[in-house]
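Step one of this worksheet: look at the structure below.
Numbers for residues simply follow the sequence, beginning at 1. Computation of the quantities below employed the complete heavy-atom set of this structure, encompassing side-chain atoms and omitting hydrogens, waters and symmetry-equivalent molecules. Given the structure is predicted, the values throughout are model-derived calculations rather than measurements.
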Amino acid sequence: MAKSIENIVSFPVNAQRNSFFGALSSILLYRNHYTEDSPFFCGKYQRSCIRCGGCGDDLFIHKHHLGIYQYLITVTGCAYFWVDQEIGNSYEKQYIAGEFSETALDRLSLALQVSGYHYDSMQKGTEEKVLFDRIKQSIEDKRPVLIKLGLGDLWAVITGYDEEKKFPCLMKFRHSPQPNKDWYHKLSNLVFITDKYDSPISLPEALDHMIRHLNTGSRNKLEQKIIQKLETEADGKKLGMWLNRLNGLAIETRWHASECYRNTLAPMSDSERYKKLLLQAADLHLRFHDQAWQVWALLGVTPQTHYCIPGNINELLDKPSVRAELKALFQELFAIDRQVSELLQECFNLVRDESNQLFK
């Protein structure tokens, strides 16, 4: 006998390269009962969507999925990374407000806390039958399961099971649900999303966490390293590949942060000053995105190169003028991050003061 949960939106939706946040967003979309008719806030016009057609013919359920993804990647601080050293980790560290991890090893715990859900995590050390029975029960309860396979960055959603073959049915990145016979041998982590929190973390706490990620100790060191490499590195291919990895991650995640500010964070407070600051920060992230495209242009990276460096990268980076432009652009990108941090700090102060007034 096989049983499955239907109507779980697959991932990625739009520019979603992170399979952890993609899979988790699919689960939360289902658990929070989003449909094509669920109300949608339009960040562009700062109002509830009136279906004016300005967004084209994109499905609204996909817009909700993208909104959840952008919220999670932003409030966990992962949208501010230049290098994500922990992609592939099981993220088993618990989020504790007074502690901070530069690489966001607590992103699983924090993402579910801001989403309002408790969870249980189980690893391969548990007997296969025990894990499969727990998966069955979760599917019976209409609760999709988050699963990580292997040592890389492969997170998936368990949407069902085959009782006879003892296989769970997995929805992977860019794939529809399929039975998976190797699930236990490749298992790294199982996450069962359970009941709701009575009170998830506050907006000031989330903002504080975001600010910390924009002010990590390694950020200034990385900026100086980029400048130094542009001035001294003779191997154009090695330099180009490194800069492209940095730029490729940041260009996507800063766009997600901008959208999160407009669509989700700005409506969270009635303060017009707060909204104005968030929208200014969103505009800065869009400028970051545009300037990062200029970095790609100087590196010869385009959709036609599949966002990889071209064969003539040595020739491109042999030009002192190109290196000088790249240096100026990267300095501007780091300066934009600092400006966003200052705006978020103002938002944090406003929201914290609002919260304190309520409890006086």
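Of the candidates Q70, H256, H65, H65 is the only one forming a side chain to side chain donor-acceptor pair (under 3.5 Å) with Q16. Each of T302, T305, N244 was evaluated against W296; a single residue qualifies, N244, per the side chain to side chain donor-acceptor pair (under 3.5 Å) test.
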Practice problem: May I have the step-by-step check of side-chain contact (heavy atoms from CB on, under 4.5 Å) for V13 and H64, ending in yes or no? | Solution: CA-CA 10 Å; V13 174; H64 286 300; over 6 Å; no
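The pair R254-D337 counts as a salt bridge, with a side-chain nitrogen and a carboxylate oxygen less than 4.0 angstrom apart. Using a 4.0 Å cut-off between charged side-chain N and carboxylate O, R143 and D195 make a salt bridge. For the pair D283 and R287, the salt-bridge criterion is not met [side-chain N within less than 4.0 Å of a carboxylate O]. Ion pairing between a basic and an acidic side chain is recognised when a charged N comes within 4.0 Å of a carboxylate O; E99 and K93 show such pairing. Taking 4.0 Å as the cut-off between side-chain N and carboxylate O, R107 and D84 count as a salt-bridged pair.
Geometrically, R219 does not engage Y80 in a cation-pi contact, judged by NZ or CZ lying under 6.0 Å from the ring centre and within 45° of the ring axis.
Residues F330 and W242 keep their aromatic ring centres 6.0 Å or farther apart. The ring of H289 has its center no closer than 6.0 angstrom to the ring center of H285.
No donor-acceptor contact under 3.5 angstrom links the side chains of Y307 and E252, judged on distance only. Judged purely by distance below 3.5 Å, without hydrogens or angles, the side chains of N189 and S121 pair a donor atom with an acceptor atom.
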